[in-house]
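Below: one structure, written as structure tokens.
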Protein chains: 4
Amino acid sequence: MCRTPPPAGRKGRPRSLEADAAILSATREALVDLGWSKLTMGDVAARAGVAKTTLYRRWAGKSELVVDAVAVLFDELELPDLGSLAADVRGVVLQFAALLERPEARTALMAVVAESTRDEALRARIRHAIVDRQKRLVLEGRRRAQERGELPYEADESAASRTADLIFDVVAGAVVHRSLVSAEPVDGEWARAFTGLLLGGLTAPSPG
Amino acid sequence: MCRTPPPAGRKGRPRSLEADAAILSATREALVDLGWSKLTMGDVAARAGVAKTTLYRRWAGKSELVVDAVAVLFDELELPDLGSLAADVRGVVLQFAALLERPEARTALMAVVAESTRDEALRARIRHAIVDRQKRLVLEGRRRAQERGELPYEADESAASRTADLIFDVVAGAVVHRSLVSAEPVDGEWARAFTGLLLGGLTAPSPG
Amino acid sequence: MCRTPPPAGRKGRPRSLEADAAILSATREALVDLGWSKLTMGDVAARAGVAKTTLYRRWAGKSELVVDAVAVLFDELELPDLGSLAADVRGVVLQFAALLERPEARTALMAVVAESTRDEALRARIRHAIVDRQKRLVLEGRRRAQERGELPYEADESAASRTADLIFDVVAGAVVHRSLVSAEPVDGEWARAFTGLLLGGLTAPSPG
Amino acid sequence: MCRTPPPAGRKGRPRSLEADAAILSATREALVDLGWSKLTMGDVAARAGVAKTTLYRRWAGKSELVVDAVAVLFDELELPDLGSLAADVRGVVLQFAALLERPEARTALMAVVAESTRDEALRARIRHAIVDRQKRLVLEGRRRAQERGELPYEADESAASRTADLIFDVVAGAVVHRSLVSAEPVDGEWARAFTGLLLGGLTAPSPG
DNA sequence: CGGTAAACGAGACGGTACGTCCAGTCTTATT
DNA sequence: AATAAGACTGGACGTACCGTCTCGTTTACCG
């Protein structure tokens with residue numbers, strides 16, 4: 001969890017594990033109270049009962065810290081088997097939307113992505129800590145749909161991977177855009193309509 | 001373009017129109033050079049050859065200024081008639097992707113959205129200056145498809161509006177997510193695949 | 001008094017004169033309360049009701065600030081005509097000793113001299129702000145003694161100057177050393193003994 | 001030399017004697033390189049190849065450490081018999097001046113005196129480690145002069161002590177002030193003039 | 001000669017101050 | 001009244017040291 005690792009040798013006083021947990025927790029708390037742009041390293045340190053130096057010894061900056069702090073939220077995403085591909089899609093859409101309702105995720109997610117547009121290392125960190133955690137849901141959903149016979153098994157490995165990436169971008173992008181850019185609720189109705197579009201396409205008869 | 005209007009009375013020296021243009025242009029330039037988070041009001045003022053006071057007389061802060069500065073980029077989006085709904089979708093996807101390749105848009109867009117999660121007025125400004133400019137492309141595209149007979153006319157006005165919003169979130173969200181979050185290129189191949197998914201749905205035979 | 005002068009042009013808001021006075025006064029106050037080594041720029045700023053930036057805009061650092069702050073104390077030194085050279089010497093010794101009893105001078109003087117051993121600019125500043133203010137007392141005392149006929153007029157200008165410098169170093173050095181290094185009181189008795197030594201020399205019969 | 005003594009019991013590993021020497025030597029080295037105010041405990045520890053803890057186990061702080069480090073320099077002062085009181089005075093003046101030319105003494109001496117103005121324990125330490133080492137030269141010089149018949153034997157013990165203290169403050173103070181405050185060289189010429197003043201007094205015919 | 005108590009190196013820790021930077025406001029004189 | 005210039009308050013930044021602490025390791029003495 002702590003990303004700037006201690007120097008190779010294992011001499012000297014070891015880093016406090018409690019401090020790590022306290023810092024990440026304090027970061028989430030500060031995100032809720034203050035939002036991304038008003039969150040300060042000093043404030044996080046104070047909330048965590050830790051010196052500023054301790055923060056900087058472990059994280060290079062605000063962005064890195066926040067990525068790690070919100071990453072755990074994405075671990076909570078699950079894909080309970082709801083019996084059909086459509087139900088699974090609706091389920092994951094609503095779960096992801098619920099996550100984006102949480103103020104700490106809401107304010108942090110776009111901010112770190114914005115920051116990452118000029119910082120390759122941060123982009124990699126986001127991919128590892130957040131994106132990959134979401135993408136596994138897509139892969140799991142496809143596997144289930146294939147077992148149910150709702151989707152064909154794809155022979156071409158790389159084509160399959162491309163399709164999964166596409167679907168991931170469409171699902172995650174649509175939910176994020178609806179929630180944060182359009183600032184409209186992602187409710188059951190919208191999830192149903194989106195699922196219909198995703199599965200049936202625009203030219204299909206609407207699922208009414 | 002200048003959002004904080006001059007006080008009612010029209011006595012005294014009028015605001016310089018050249019200053020407005022110079023400031024917005026300097027803002028875009030600074031976004032390219034520095035990115036959102038390192039852009040400062042003082043730097044913009046210096047680039048524009050203008051005093052800081054002049055900036056603050058016209059914009060409330062960095063977010064508002066940047067929204068206005070990048071808004072004009074979205075005016076360049078057009079929807080040339082490419083002869084079919086699929087072609088039109090591919091065209092708009094590629095145009096939007098090209099816009100997101102521009103560093104000033106890339107770094108600014110997510111940042112102001114992130115900022116807007118805790119600022120209702122900013123959200124409204126974004127909607128008016130950016131989102132609405134994009135959404136008209138969806139409406140125009142639908143109109144054309146209906147004229148071509150590719151899509152039915154929708155009797156229920158509000159249902160039609162909901163559908164347009166959905167499609168807008170799917171298209172814009174997918175492109176943004178692919179480009180900024182997944183950090184993968186939005187090229188002709190991806191646009192074709194996405195268009196196939198959007199029109200035909202996930203369960204349809206792929207358009208290969 | 002303010003040593004880092006504003007940039008040449010006289011455009012823009014002028015520097016606050018009250019701030020200068022408040023800062024120097026706050027510096028002396030802080031010296032009394034905290035001593036040289038515990039005095040901090042932030043504390044001085046807070047006492048003066050001024051932002052730290054304002055301090056740094058005017059003084060390069062703690063040393064420069066303190067030199068200017070204590071310089072005014074040396075303006076208070078005077079040489080009232082006590083009727084004889086011996087009385088004048090005793091008078092100036094006691095005055096200087098009284099100055100060194102003041103905690104702000106006591107703690108600051110040696111500190112800035114110590115600092116100046118590795119800083120030529122600081123040394124020049126001390127000379128101008130402090131040393132020269134003291135040295136004029138020696139010159140004035142000699143002039144009076146010459147008028148009274150207690151000392152001969154010296155024909156050789158440069159020899160006279162060297163002698164004045166020597167006497168200055170002896171008087172100031174002895175008082176400072178007694179007061180700060182030996183940490184013994186400079187009282188009337190000591191002043192009398194010192195004056196006797198200075199005027200009559202070590203081999204003369206003591207003036208008891 | 002090491003001032004914070006080990007706890008009473010003499011079990012366990014004894015303190016390293018080499019460490020003591022290495023630390024004091026490293027301190028002098030750091031004084032030369034960095035001066036008093038930029039010298040840090042961590043740097044001294046690193047130069048001495050020793051952990052910071054080892055420093056703090058032996059000295060309470062920077063001031064105490066530096067006093068001990070420069071104290072040995074004052075042991076080098078000697079009073080070779082030059083045949084007359086005047087020659088002895090000139091000799092000691094030049095020796096002391098040579099000491100003050102050494103950068104480690106130059107930067108440290110005034111600094112620790114400044115520090116001691118608010119620290120009684122430090123003052124005592126300076127007196128013991130430095131001042132007393134100098135004062136014995138005065139006592140020795142007087143004894144010789146008395147043996148030569150240049151100075152009378154003083155019957156009153158306490159008056160004799162007071163006179164010795166006075167002379168010490170005058171000699172040491174004048175040299176320090178000339179060297180560090182006036183920042184002028186203490187050369188043979190100055191030493192001769194000073195000795196003339198000290199022995200013959202201001203009103204005596206100059207020794208030309 | 002093996003146990004033990006203290007010294008030791010390494011480095012993390014809570015603090016404090018640093019000197020810089022930027023935000024946003026203000027005070028000038030000028031246009 | 002708007003402008004350019006620049007000083008102002010306030011606050012966060014990231015760094016450097018301080019002096020303390022907690023480790024694992026070493027080393028002399030003492031039983």
Side-chain angles (χ1 to χ4, degrees), chain A residues 6-7 9-16 18-19 37-46 48-58 60-62, chain B residues 6-7 9-16 19 37-43 45-46 48-62, chain C residues 6-7 9-16 18-19 38-43 45-46 48-58 60-62, chain D residues 6-7 9-16 19 38-46 48-62:
Chain A
R10 69 172 48 81
K11 292 183 176 181
R13 177 173 171 179
R15 290 195 184 159
S16 160
E18 299 151 28
S37 64
K38 300 217 170 116
L39 176 148
T40 70
M41 297 297 268
D43 183 81
V44 169
V50 141
K52 250 196 313 174
T53 355
T54 301
L55 257 75
Y56 283 108
R57 199 175 294 118
R58 301 175 188 213
K62 181 166 146 172
Chain B
R10 62 175 51 125
K11 293 181 179 179
R13 175 173 171 181
R15 289 191 185 163
S16 159
S37 64
K38 300 220 170 111
L39 175 147
T40 69
M41 297 297 269
D43 183 81
V50 140
K52 260 199 305 175
T53 7
T54 303
L55 258 72
Y56 283 107
R57 202 173 293 118
R58 300 174 190 214
W59 287 277
K62 180 165 147 172
Chain C
R10 71 172 45 83
K11 291 183 176 181
R13 176 174 173 178
R15 289 193 185 161
S16 160
E18 300 151 28
K38 300 220 171 114
L39 176 148
T40 69
M41 297 298 267
D43 183 82
V50 141
K52 251 195 313 174
T53 345
T54 301
L55 257 75
Y56 283 108
R57 199 176 294 118
R58 300 174 189 215
K62 180 165 146 172
Chain D
R10 63 175 50 126
K11 292 184 180 178
R13 177 174 172 180
R15 290 192 185 161
S16 159
K38 301 221 170 112
L39 176 148
T40 70
M41 297 298 267
D43 183 81
V44 169
V50 141
K52 257 198 308 174
T53 3
T54 302
L55 259 74
Y56 282 108
R57 202 174 292 118
R58 301 175 190 214
W59 286 278
K62 177 166 149 172

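First the proteins, then the strands, lettered A, B, ... as listed; each starts at 1.
Each of dC13(E), dA2(F), dA7(F) was ranked by its minimum atom distance to the side chain of Arg58(B); first place goes to dA2(F). Minimum atom distance to the side chain of Thr40(A) is reached by dC13(F), of the listed dA23(E), dG6(F), dC13(F). Distances were taken from every side-chain heavy atom of Lys52(D) (C-beta onward) to each of dG14(E), dG19(F), dA4(F); the shortest belongs to dG19(F). When distances are taken from the side chain of Arg13(C) to each of dC21(E), dG6(F), dA7(E), the shortest belongs to dG6(F). Set against dT25(E), dT9(F), dG19(E), the side chain of Tyr56(B) has dT25(E) as its closest nucleotide.
Residue Arg57(D) places at least one side-chain N or O under 4.0 Å from the OP1 or OP2 atom of dC8(E). Phosphate contact (OP1/OP2 of dG9(E), side-chain N/O of Thr54(D), threshold under 4.0 Å): present. Contact annotation: Arg15(C) side-chain N/O to dC26(E) OP1/OP2 distance is not under 4.0 Å.
Residue order along DNA chain E, read from the 5' end via each residue's closest nucleotide, puts Gly12(A) first among Gly12(A) and Lys38(B). For the pair Met41(B) and Ala51(D), both in contact range of DNA chain E, the more 5′-proximal nearest nucleotide belongs to Ala51(D). Between Gly61(A) and Asp43(D), the residue anchored closer to the 5' end of DNA chain F is Gly61(A), taking for each the nucleotide with the nearest heavy atom. A residue-by-residue look at Ala19(C) and Pro14(A) shows that Ala19(C) has its nearest nucleotide of DNA chain F further toward the 5' end.
Here the C1' atom of nucleotide dA7(E) and the CG atom of Leu55(D) are 14 Å apart, to the nearest Å. Between Lys11(C) atom NZ and dT31(E) atom C1' the separation is 11 Å, expressed in whole Å.
Gly49(B) comes within 4.0 angstrom of sugar-phosphate atoms only, judged by non-hydrogen atoms across all strands, and of no base. Among the heavy atoms of the strands lying under 4.0 Å from Ser16(C) are primed sugar atoms or P, OP1, OP2 only; no base atom is included.
Between Leu55(C) and Met41(C), the shortest heavy-atom contact is CD2-O, 3.7 Å. The shortest heavy-atom contact between Arg58(C) and Ser16(C) is NH1-O, 3.0 Å.
Under a 3.5 Å cut-off, the side chain of Lys52(C) and the backbone N or O of Ala45(C) do not form any donor-acceptor pair.
Arg57(A) is listed as a side-chain neighbour of Thr54(A), based on a closest heavy-atom distance under 4.5 Å.
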